[in-house]
Amino acid sequence: MEAQYHPRSIEPRIQREWDEARAFAAPDHSPKPKYYCVSMLPYPSGKLHMGHVRNYTINDALARFLRKKGMNVLMPMGWDAFGLPAENAAMANKVAPAKWTRENIDYMRQQCKSLGWSIDWTREIATCDPSYYRWNQWFFLRLWEKGVIYKKTGVVNWDPVDMTVLANEQVIDGRGWRTNAPVEKREIPMWYMRITQYADELLDSLDGLGWPEKVKQMQRNWIGRSAGVEFTLPYAPETARRMADGKKGLRVFTTRADTIMGVTFAAVAAEHPLAAVAAKSNPRLAAFIEECKKGGVQEAELATMEKKGMPTGLYVLNPISNEPVEVWVANYVLWGYGEGALMAVPGHDERDFAFAKKYNLAIKQVIEVAGKAYSTEEHQPWYDEHGRNINSGKYDGLEYEAAADAVARDLEALGLGSKRIQYRLRDWGISRQRYWGTPIPIVECPKCGDVAVPDGQLPVVLPEDLVPDGSGSPLAKMPSFYETTCPKCGGAAKRDTDTMDTFVDSSWYYMRYCCPDAKTMVDERAQYWMPMDQYIGGIEHAILHLLYARFWTKAMRDLGLITIDEPFTNLLTQGMVLNHIFSRRGEKGGIEYFAPDEVETTIDGEGRVTAAKLKSDASAVDYEGIGTMSKSKKNGVDPQDMIERYGADTARFYVMQASAPTDTVLWNDESIEGSFKFLRRLWVIVHEHVSSGVVATYSSGELTTELKALRLKLHRTIEKVGDDYGRRMQFNTAIAAIRELLNLYTDGKDKSPVAREVAQEVLEGAILLLTPIVPHICTALWRELRPGTELIAQPWPQVDPAALVQDSIELVVQVNGKLRAHIRVPANASRDQVEQAALSDEAVRKFVGDAKPRKIIVVPGKLVNIVA
RNA sequence: GCCGGGAUGGCGGAAUUGGUAGACGCACGGGACUCAAAAUCCCGCGGUGGCAACACCAUGAGGGUUCGAUUCCCUCUCCCGGCACCA
């Protein structure tokens with residue numbers, strides 16, 4: 001055995017052995033219980049970053065642990081290969097997205113292998129392969145047939161210079177990232193998936209999932225089920241004449257029907273038809289509506305905007321009181337949310353209040369909250385709470401529920417409205433005016449309208465030799481792609497030149513892993529592996545991806561493709577790996593990012609960055625704070641240097657020991673050396689033991705106190721580490737426990753034959769416990785400890801109950817909750833004996849005095865608290 | 001703005017169900033080994049007072065519940081994630 005640890009010589013060799021033996025290929029049938037664990041598939045941005053290393057090492061450690069526990073574990077891998085960054089890279093480097101993406105995948109696959117993850121590579125998929133995305137298209141058509149997919153208009157960010165639709169990420173401070181032109185809202189036709197049809201089920205079935213409560217809460221809030229009343233505010237006579245739209249009035253929804261007597265105005269979105277009618281005779285209003293079209297569509301931007309509005313001169317009637325109220329156009333009313341119109345109750349809604357204050361509109365209190373004062377001067381949080389009606393005519397004195405019910409009944413009797421459940425959730429728009437995605441399998445025929453591409457003609461293949469230039473929609477400029485004939489009438493027709501949202505790809509890939517070569521979308525192998533036992537991924541996916549995947553699963557079920565209701569039984573949300581972000585605005589308004597290691601910073605006394613400049617030319621750059629590692633912000637850290645310098649095991653060990661998987665971490669590699677030293681020490685310890693010859697592990701015989709304590713520590717550690725890996729999924733504390741075990745082991749000086757047997761037991765145990773984290777070094781050391789056997793075939797170690805038996809235990813004694821003494825009592829001591837031992841301790845007596853204690857609290861096996 | 005989460009020594013973090021705050025590391029200081037250095041090993045390491053024993057203070061800030069609070073409740077500050085076209 002080598003006396004020193006040389007990861008570079010052992011790691012590639014062991015990885016080759018695993019590869020050649022297909023050591024981690026999981027069979028689709030097995031007498032063992034199946035365990036399907038997946039980490040969210042990476043976007044092939046070019047190189048792995050530390051967030052990936054963390055994500056897949058967590059998955060790998062769990063997979064390796066559970067294989068040792070006797071399960072048939074599948075850990076697959078794939079590539080979320082469609083998306084915007086490939087088009088950006090294409091523009092920057094004049095290389096086709098397909099070539100760029102496939103080269104990235106090849107490089108990153110090698111990186112994955114060099115990290116020793118126990119992936120079943122026979123199941124690898126890339127979402128940009130026609131063999132994958134043809135099923136996106138096939139499924140799209142099935143959903144269209146069922147009416148789950150439909151077409152309507154949606155609002156997008158429009159760059160008027162590049163004549164192109166921008167992603168939210170490409171809008172910076174309301175301007176196009178490349179052109180610096182002010183962005184406008186524009187309505188275009190798009191395909192939508194009716195996720196709202198599943199809103200109730202998506203909400204209800206959250207309860208049974210083994211997910212973090214916070215994620216379930218976020219999804220509940222996102223779906224936002226609320227009970228309310230949808231009704232019509234009738235047009236005033238003059239308004240009815242001007243509107244002439246055949247409608248009785250303005251349709252609105254409210255969750256606060258009880259406040260209807262407090263309505264002092266109504267408000268509509270700038271895109272609302274009523275606004276257009278009013279603007280016809282009002283140039284100032286028309287200008288305001290134009291003004292509202294400026295800017296992008298991001299909710300964060302819209303919600304923080306200054307509230308602005310203009311009166312329309314049109315009136316609707318309060319349906320209960322018949323009082324007329326004016327309709328305003330307001331920028332805080334969102335088109336596409338409910339009816340795009342609302343009844344405004346400034347007395348009991350914070351946003352309406354702010355708007356009313358700004359434009360001097362009436363504020364009327366109609367709800368009283370017991371014990372809380374009301375003034376129209378400044379909005380207070382309780383104004384929006386439920387309470388008792390006042391100033392509300394016949395509803396006076398009613399509490400929230402009774403008042404809301406009464407109003408709903410009255411509106412129903414008037415034929416104006418009724419109770420309704422509303423969701424915050426909106427249907428999922430999946431059309432993208434981009435190139436690098438799944439083509440939408442629809443032909444637009446001038447005679448027949450939208451026609452499905454027949455199944456036999458799928459997939460509609462995306463041409464792969466195109467280099468986008470950032471203007472327009474790439475496929476719409478490519479006649480060889482879009483020119484076709486109508487499948488129905490045979491006449492000349494045009495393909496839909498939009499592609500699908502990449503969330504479509506990631507909504508079901510984990511089912512395709514189960515049967516990557518299936519001749520159908522999925523086959524019975526998906527039934528074997530699904531639902532997934534453990535899903536692992538970043539907390540940033542808590543809502544969108546996880547909700548779409550849940551919806552997709554239910555849609556597949558309803559088409560009879562699978563029988564499960566939910567895809568992910570358990571979820572581990574990994575915390576983000578953050579790093580500093582440095583940027584600079586270009587002269588044309590574009591934004592350029594710089595890697596943290598290109599930048600030198602000045603730091604104030606609190607550790608905050610106050611200034612930053614480039615190392616290369618000392619020019620100043622802006623510090624944007626810290627944020628998620630991403631290719632676009634150039635703040636990702638490539639693990640390659642670390643692997644080359646210290647080896648994969650050190651990199652794996654380092655990220656796993658640093659923090660709990662769910663914690664957000666700010667990247668820092670200062671203590672990487674410590675992880676390498678630990679592995680080097682482990683190697684030396686085993687070498688020292690083995691150089692005097694291997695022995696049988698301890699099985700019986702008299703032990704010294706020291707050796708008994710060592711065995712106690714070993715078996716407690718086995719217990720703890722198993723719990724940390726399997727139940728808690730907290731690998732950092734497992735590693736700390738193993739370090740404690742080895743520290744105690746190296747403290748021992750005993751070299752007797754029985755001590756060497758215990759040493760053999762401890763070292764074998766430690767290696768088995770460390771295998772999930774650092775499999776390469778453990779494989780090598782095992783061959784030295786137990787020549788002729790292989791670590792991969794060894795089961796998880798058993799806890800020896802005899803080793804856990806103790807004669808006496810230590811208890812903590814508190815006086816009035818403050819720690820005052822430690823006492824040692826027999827393990828089987830009675831409560832009385834424990835109290836007596838505590839009270840007779842000298843330090844305790846000092847604090848208790850002679851008086852009889854008022855109360856003594858005994859927590860068995862832990863502490864005694866004397867209340868004096 | 002709205003929804004969800006976080007804050008513990010110089011640093012990363014531990015404390016699992018309300019029960020010993022600071023496990024395990026990193027950095028640092030001292031020592032051993034060495035001609036010297038590296039590596040390794042040993043000791044120390046939250047703050048204040050004290051020769052010491054020990055005492056008091058301390059988990060972002062302020063309040064509360066409890067025999068006992070890092071943990072539960074209320075208010076606030078700052079940071080992170082998401083907000084529907086980044087993935």
Side-chain angles (χ1 to χ4, degrees), chain A residues 40-43 45 80 83-85 88 154 156-157 165-171 212 214-215 217-218 220-222 224 296-305 332 350-351 424-434 501-503 506 538-545 547-548 573 575-576 578 607 625-628 630-633 657-660 662-666 668 670-675 677-678 680-681 684 720 723-724 727-728 730 732-733 735-740 743 746 810-819 822 843 854-857 859 862-863 865-868:
Chain A
M40 291 176 187
L41 83 178
Y43 179 80
S45 58
D80 190 14
L84 203 51
N88 295 339
V156 294
N157 304 305
V165 176
L166 296 179
N168 283 336
E169 191 192 46
Q170 297 170 320
V171 178
K214 62 174 175 180
V215 177
Q217 195 54 45
M218 280 191 260
R220 282 187 198 109
N221 294 344
W222 184 261
V297 299
Q298 297 173 65
E299 169 159 332
E301 185 189 328
L302 298 171
T304 50
M305 243 172 7
Y332 71 97
E350 191 174 355
R351 288 184 307 176
R424 210 188 71 95
L425 181 69
R426 307 199 299 255
D427 278 339
W428 175 16
I430 59 158
S431 295
R432 297 290 179 271
Q433 298 66 48
R434 305 198 195 295
D501 180 3
T502 55
F503 275 124
S506 55
I539 183 69
E540 75 273 26
H541 296 294
I543 296 174
L544 292 180
H545 161 61
L547 193 63
Y548 292 145
T573 47
M576 306 272 75
L578 309 177
I626 54 179
T628 313
S630 81
K631 171 110 178 167
S632 62
K633 297 200 167 159
Q657 62 85 44
S659 57
T662 51
D663 287 353
T664 298
V665 295
L666 176 57
N668 142 32
E670 280 169 16
S671 58
I672 178 84
E673 196 79 29
S675 294
K677 279 182 190 170
F678 172 77
R680 191 162 59 190
R681 178 165 157 247
V684 170
K720 173 168 174 57
D723 187 50
D724 278 353
R727 181 182 63 89
R728 296 217 297 157
Q730 193 162 305
N732 54 331
T733 48
I735 289 171
I738 298 166
R739 279 183 183 267
E740 282 185 51
N743 288 347
T746 53
E810 196 181 72
L811 294 182
V812 161
V813 186
Q814 297 179 334
V815 178
N816 295 328
K818 279 195 185 235
L819 173 68
H822 295 261
R854 286 200 288 144
K855 196 170 164 189
I856 300 179
I857 292 146
V859 181
K862 281 216 166 130
L863 65 70
N865 186 17
I866 298 161
V867 186

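Throughout, protein chains are lettered first and strands after them, A, B, ... in sequence-line order, and every chain is numbered starting at 1.
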Which base sits across from B:A7 as a Watson-Crick or G-U pair, both distances under 3.5 Å?
B:U77

Need one value for A:G625: base, sugar-phosphate or nothing, where a base atom within 4.0 Å counts as base even if backbone is also close, heavy atoms only.
nothing

Starting at atom CG of A:L544, determine the distance to atom C1' of B:A87, rounded to an integer number of angstrom.
10 Å

What is the nucleic acid contact for A:T502, judged by heavy atoms within less than 4.0 Å: base, sugar-phosphate only, or nothing?
sugar-phosphate

Can you tell me if the side-chain N/O atoms of A:S630 get under 4.0 Å from OP1 or OP2 in B:A87?
no

Which part of the nucleic acid, if any, lies within reach of A:R424 when heavy atoms closer than 4.0 Å are counted: base, sugar-phosphate only, or nothing?
base

Determine: side-chain N/O of A:N816 to OP1/OP2 of B:G68, distance under 4.0 Å, yes or no.
no

Pick base, sugar-phosphate or nothing for A:K631, based on heavy-atom distances below 4.0 Å to the nucleic acid.
nothing

Whole angstrom is fine here: how far is it from CZ in A:R680 over to P in B:A39?
8 Å

Give A:S431 one of three labels, base, sugar-phosphate or nothing, depending on what nucleic acid heavy atoms sit under 4.0 Å from its own.
base

Tell me if B:G9 is syn or anti. Syn = glycosidic torsion within 90° of 0, anti otherwise.
syn

Checking contacts here: which listed nucleotide (B:A84, B:G82, B:C86) is nearest the side-chain heavy atoms of A:A167?
B:C86

How do A:R426 and A:F503 order along RNA chain B: which one's closest nucleotide is nearer the 5' end?
A:R426

Can you see if the side chain of A:K214 gets near the phosphate of B:C80 - specifically, an N or O under 4.0 Å from OP1 or OP2?
no

A:H545 NE2 - B:G4 P separation (whole Å):
22 Å

From CH2 of A:W222 over to P of B:G4, roughly how many Å is that when rounded to an integer?
13 Å

Identity of whatever pairs with B:G68 - Watson-Crick or G-U, under 3.5 angstrom:
none

Taking any heavy-atom pair under 4.0 Å as a contact, classify A:V813: base, sugar-phosphate, or nothing.
nothing

Round to a whole Å and report the spacing from CD of A:E673 to C1' of B:C26.
11 Å

Round to the nearest Å and state the distance from A:M305 atom CE to B:G1 atom P.
14 Å

At under 4.0 Å between heavy atoms, how does the protein contact nucleotides 10-25 of chain B? Give one character per nucleotide, 5' to 3', with B, S or -.
--SSSSB--BB--BSS

When you match A:V867 and A:M218 each to their closest nucleotide on RNA chain B, which lands nearer the 5' end?
A:M218

In whole angstrom, give the distance that lies between atom CG of A:N157 and atom C1' of B:A84.
12 Å

Could you check how far CD of A:E301 sits from C1' of B:C2, rounded to whole Å?
15 Å

